[in-house]
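Remember, it's 1-based here, ligands and their atoms both numbered in the order they're listed. Only this structure's heavy atoms are used, side chains among them; waters, hydrogens and symmetry mates stay out. All figures in this text were calculated on a predicted structure; none of them were measured in a lab.
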Amino acid sequence: MNVVVTGGAGYIGSHMVRELLRAGHRVAIVDDLSTGHDDTVPDGVKLHRLNIHQYEEVRDVLRDHGAEAIFHFASRIQVGESVAAPRIYYRDNVIATLRLLDAALDAGVSRFVFSSSAAVYGNPERTPLDEDHPTRPVNPYGDTKLAVERILSAYEAPYGFKSVSLRYFNAAGADVADGLGERHDTETHLIPLLIQATLGQRGPVTLFGTDYPTPDGTCVRDYIHVRDLATAHLLALDYLNRGGETTRFNLGTGSGNSVREVVAAVERVSGKKVPTTFGPRRAGDPAVLVASAARAKSVLGWAPERSSIDGIIQDAWKFHASR
Ligand code: UFG
């Protein structure tokens, strides 16, 4: 199929582009390179350096490419920044997505796979989190993702616009063979921070909180390999092609690792001591965020294959060590 990937030069988007090419799709990328990297774009794939706010230009890209589906990754992703600067998040994650949807509707595209987040749930009332858990985001980032999910639901019946929202838990890992990995200019995520500190590329990592009501006192998260995420997106497209209704799925493994367990895994994989210090809790961090991935399994037939914590860290380690 002819597909357009927004944010296709970013972390998850660049992995998606490779997965789409492997599956035989014809891909074009829309990315303004505000956080993406053009050296991730494979030969033969056209990068349109555009912001998704640019309705006319994006609509023309969709038409010229004969787009049949859009994978929408272009987004701001930092929870803390969204609290400090919410207007940027509502502008770039909600208003810009409305513009993209206008371009999609006007170019005749009716299939859409959206990068959503576990942040739509807010503080868990139960764990693991299934898709019927109440959605009460506790920060603007999660609120923008939920707003887009609601817009997508509203667009289904009147416009025949079919979409799947994929609620990622903690994306991590890398595609070592293709030289892709996590490269944020301002890194806030635990696994790359731990690896960079171990490689001497930054100072010790502060572990945020050791007094949570978890077995070892540190927060538990559900880490999912970025290539497993990409596979789920392909299956979501298959689902839409089979006539599937607009819906949403959690993407996680169903089991979690604590911050201390992740540190131990980096030490196992690297054979080195990870420089860490202990600090207070980070505002807004729930103690445990673990997905029920049952729905993606039963409806999409998705099963993560690369998401053991050691497997994720091995790939992430190789990526960072090679740079
Ligand atoms: N952590 C530290 N020290 C650090 C960074 C993180 O101890 O320097 C801890 C956090 O407190 C948390 C865990 O490591 O307990 C994971 O933190 P990340 O920042 O890597 O990821 P989050 O769980 O905060 O956020 C991720 C995504 C968000 C998404 C959220 C929803 O990055 O986009 O999951 O599940 F909203």
Side-chain angles (χ1 to χ4, degrees), residues 7 10-13 35 73 75-83 89 92-93 114-124 127-129 131 133 135-146 148-149 165-173 182 184 186-198 201-226 229 250-254 256-266 274-293 309 312-313 316:
Y11 171 44
I12 304 176
T35 55
F73 295 91
S75 167
R76 295 200 176 252
I77 60 160
Q78 289 182 35
V79 171
E81 184 185 55
S82 81
V83 176
Y89 276 70
D92 290 352
N93 290 5
F114 173 56
S115 294
S116 189
S117 169
V120 299
Y121 294 114
N123 289 319
T127 190
L129 284 152
E131 290 83 353
H133 183 283
T135 44
R136 294 193 198 103
V138 292
N139 50 61
Y141 168 72
D143 200 43
T144 65
K145 293 291 175 182
L146 185 59
V148 172
E149 289 195 9
S165 295
L166 297 173
R167 295 172 172 170
Y168 310 157
F169 281 64
N170 287 65
E182 199 164 1
H184 298 120
T186 310
E187 191 53 77
T188 60
H189 292 113
L190 180 66
I191 291 176
L193 288 176
L194 293 173
I195 291 174
Q196 288 166 2
T198 310
Q201 296 171 356
R202 63 168 70 239
V205 180
T206 304
L207 308 185
F208 298 137
T210 52
D211 58 349
Y212 283 97
T214 58
D216 68 16
T218 63
C219 287
V220 172
R221 294 288 180 275
D222 188 341
Y223 295 90
I224 180 84
H225 197 292
V226 61
L229 286 183
N250 287 338
L251 297 183
T253 63
N257 289 103
S258 72
V259 170
R260 284 187 208 266
E261 285 172 345
V262 175
V263 172
V266 175
V274 180
T276 56
T277 57
F278 295 106
R281 293 181 177 195
R282 184 172 68 177
D285 271 342
V288 179
L289 271 181
V290 173
S292 162
I309 194 67
I312 286 173
I313 288 168

What's the shortest distance from [atom] to any protein heavy atom, and which residue and atom give it?
atom: atom 27 (C) of ligand 1; value: His189 NE2, 4.0 Å
atom: atom 22 (P) of ligand 1; value: Asn170 ND2, 3.5 Å
atom: atom 8 (O) of ligand 1; value: Leu193 CD1, 3.3 Å
atom: atom 15 (O) of ligand 1; value: Cys219 CB, 3.0 Å
atom: atom 9 (C) of ligand 1; value: Val259 CG2, 3.8 Å
atom: atom 20 (O) of ligand 1; value: Leu190 N, 2.9 Å
atom: atom 19 (O) of ligand 1; value: Arg282 NH2, 3.1 Å
atom: atom 3 (N) of ligand 1; value: Thr206 O, 2.7 Å

Min side-chain heavy-atom separation [X]-[Y] under 4.5 Å:
X: Val274; Y: Val205; result: no
X: Thr210; Y: Arg260; result: yes
X: Phe169; Y: Val290; result: no
X: Thr276; Y: Leu194; result: yes
X: Val148; Y: Asn93; result: no
X: Thr218; Y: Leu207; result: no
X: Pro137; Y: Leu146; result: yes

Which of the atoms of ligand 1 are close to [X], meaning less than 4.0 Å from one of its heavy atoms?
X: Leu289; answer: 35 (O)
X: Ala118; answer: 31 (C), 35 (O)
X: Ala119; answer: 31 (C), 36 (F)
X: Tyr141; answer: 33 (O), 36 (F)
X: Ile77; answer: 33 (O)
X: Thr188; answer: 5 (C), 19 (O)
X: Val205; answer: 8 (O)
X: Leu207; answer: 7 (O)

*Over 60° means perpendicular and under 30° means parallel, so classify the ring planes of His184 and Tyr11, tilted if in between.*
perpendicular
[X] side chain to [Y] side chain, donor-acceptor N/O pair below 3.5 angstrom:
X: Gln78; Y: Thr188; result: no
X: Tyr141; Y: Glu81; result: no
X: Lys145; Y: Ser165; result: no

*Structural part of Val262 in contact with ligand 1, heavy atom criterion under 4.0 angstrom*: neither
*asked:* Would the distance check show the side chain of Asn250 and the main-chain N or O of Leu129 forming a donor-acceptor pair, the cut-off being under 3.5 Å?
replied: yes
*Can you find an N or O of Ser117 that's nearer than 3.5 Å to an N or O of ligand 1?*
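Such a contact does not occur with ligand 1.
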*asked:* Measuring from atom 13 (C) of ligand 1, which candidate in Tyr168, Tyr223, Phe208 has the nearest non-hydrogen atom?
replied: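 Residue with the shortest heavy-atom distance to the ligand atom: Tyr223.
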